[in-house]
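Read the structure below first, then the notes.
Proteins get letters first, then strands, A, B, ... in listed order; numbering begins at 1 in each.
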Number of protein chains: 2
Amino acid sequence: MVRPRRAAPTALPGTRSRILSAACDEFGARGFAATTVDRIAGRARVNKAMIYYHFSSKAALYTAIVREMYGQIAEQLQAIATQPLSAEAKIDALIETLVNAVDGSRHFLPIFLREIADGAVHLGPAELALIAGIFSTVRGVIVEGVRQRRFQQVNPALAHFTLIGPLVMFRASAPVRERIRTTQRLDIGEVDSRTLIAHLQMVARRMLAPEEGPAKD
Amino acid sequence: MVRPRRAAPTALPGTRSRILSAACDEFGARGFAATTVDRIAGRARVNKAMIYYHFSSKAALYTAIVREMYGQIAEQLQAIATQPLSAEAKIDALIETLVNAVDGSRHFLPIFLREIADGAVHLGPAELALIAGIFSTVRGVIVEGVRQRRFQQVNPALAHFTLIGPLVMFRASAPVRERIRTTQRLDIGEVDSRTLIAHLQMVARRMLAPEEGPAKD
DNA sequence: GTCTATAAATAGATAGAC
DNA sequence: GTCTATCTATTTATAGAC
């Protein structure tokens, strides 16, 4: 699926990937508008003109990053949804994969949150399709479980965001919590990936459990 | 608490509030960095120089908006937490108040989400204290319920974000869902305030219910 | 592929008249 | 309080040498 980049024979090693990595850092830390091409170039240790040699514009560089980031996670989730597992097991696996993806990339959530806040104005149909795919996969498993009467008659849209909302907001707000902890003397608390996964799976189990009779565990 | 503005005797009516309203629209729609003082001036139908007469800088205008927005909700939540109610009733009331606040302001969530994503770099101690107050109030009710054994032994930080995360992400993502619905033919679904409140209260009740014996309702 | 130099547009902010 | 005009710095993007 990933089209191999034809690197010119005389290319310096990794220039393009250094640009991508630096841009990811900058966009993740500051957002699209506040990020300057100058800073990306400086961080990547290349001249600014190099960025325009490899990418047609600041926006094209940004969408390239979004496509790579969200393409990976969309694929992983899709793989889970198509496995022959119970709806409960798929939910657990989706949660584990989402937490690992979020905890594996410092920039995944900041970029995601800003696109949500911006109404995805920086994204084209291709990137929007990836986000739609993520949404569709999670939602599909919930609908499947409800149809099979394994889950209670919950609104799929609300159940969907009850799965991802706590993860997204808790992990994304860590820097703000850290500022609050130091300047306001209020420690809200941190948890490791394993604890977070267990909590989200507990919430999902309780939320989705049918009205009568407890969930099977 | 709100210091009354001394309007100069000859002031045109509402200039300052038109600026605040226009700035709220612009910051909410585009974020701090992408918003220009020119656009705010145009929307408020005042000259750009007027903005600098009323506010010392773009940043000061922004923080004034944040203080007003988050000050109001912080007060409302605090009022609930100090009432003589059971922890369960306080949770229900907090949820209802939060949903109504979110649904009552088009710009509340976009601004909040971007500050989360940015690590609150645009906020000073005063604005940070307001956000800390919101966090502290919600968290305090959870800790209270756990201490009274009315809630199960849940991690307060995780329970906290399980309450607000679904609300924030579901409502904030409505514009993106709308784009997905029209361009990707995927309808994830919308709900009214009442349905959203009921769902969040259901999730809270199930999440917090003690291990043995159902919640009292 | 990589660089220097610069174009062209736009940003935040201010001076000063009224 | 409100406006016109402008300053200064910064930004995206490109031309052209090597």
Under 4.0 Å protein heavy-atom contacts per nucleotide of nucleotides 8-13 of chain D, with B for base, S for backbone only and - for none: ---SBB

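B/Arg45 places its CZ atom 12 Å from the P atom of D/dT2, with the value rounded to the nearest Å. What separates NE2 of B/His122 from C1' of C/dG12 is a distance of 14 Å, to the nearest Å. Here the C1' atom of nucleotide C/dG12 and the CZ atom of B/Phe55 are 16 Å apart, to the nearest Å. In this structure, A/Met50 atom CE and C/dT4 atom C1' are separated by 14 Å, rounded to whole Å. Regarding A/Ile19, its CD1 atom lies at a distance of 11 Å from the P atom of C/dG1, rounded to whole Å. If you measure from atom OH of B/Tyr53 to atom P of D/dT2, you get 8 Å, rounded to the nearest angstrom. For the pair A/His54 NE2 and C/dC3 C1', the interatomic distance rounds to 13 Å; values are reported in whole Å. To the nearest angstrom, C1' of C/dG1 lies 12 Å from CZ of A/Arg18.
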Would you tabulate the nitrogen or oxygen pairs shorter than 3.5 Å linking the protein to nucleotides 15-18 of chain C?
none

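Sequence neighbours left out, not one pair with a member in residues 157-169 of chain B passes salt bridge (charged side-chain N to carboxylate O under 4.0 Å, His left out). Pairs of residues two or more places apart, or lying in two chains, that qualify as salt bridge (charged side-chain N to carboxylate O under 4.0 Å, His left out) and include a residue from residues 113-128 of chain A are A/Arg67-A/Glu127, A/Arg114-B/Asp118, A/Asp118-B/Arg114. Counting only residues at least two apart or on different chains, the salt bridge (charged side-chain N to carboxylate O under 4.0 Å, His left out) pairs with a member in residues 44-63 of chain A are A/Asp38-A/Lys48. For residues 177-206 of chain B, no residue pair satisfies the ring pair (Phe, Tyr, Trp, His ring centres under 6.0 Å) rule, not counting sequence neighbours. Under the salt bridge (charged side-chain N to carboxylate O under 4.0 Å, His left out) criterion, the residue pairs touching residues 165-175 of chain B are B/Asp103-B/Arg171, with sequence neighbours excluded.
Using the six-membered ring where Trp is involved, B/Phe108 and B/Tyr70 have ring planes that are tilted, between 30° and 60° apart.
Among all heavy-atom pairs drawn from A/Leu208 and A/Ala159, the shortest one is CD2-CB, 4.4 Å.
Under the ring pair (Phe, Tyr, Trp, His ring centres under 6.0 Å) criterion, B/Tyr52 pairs with no residue at all, not counting sequence neighbours. In this structure A/Ala22 satisfies the side chain to side chain contact (heavy atoms under 4.5 Å, CB included) test together with A/Ile40, A/Arg43, A/Ala44, sequence neighbours excluded. Shown here are the side chain to side chain contact (heavy atoms under 4.5 Å, CB included) partners of B/Arg181, two or more places apart in sequence or in another chain: B/Glu178, B/Asp187. A/Phe135 pairs by the ring pair (Phe, Tyr, Trp, His ring centres under 6.0 Å) definition with A/His160, A/Phe161, not counting sequence neighbours.
For the OP1/OP2 pair of C/dG1 and a distance below 4.0 Å, the side-chain nitrogens and oxygens of A/Thr15 include no atom meeting the criterion.
The C1' atoms of five pairs define one axis at each end of the helix from C/dG1-D/dC18 to C/dC18-D/dG1, and these two axes lie 0° apart (to 10°).
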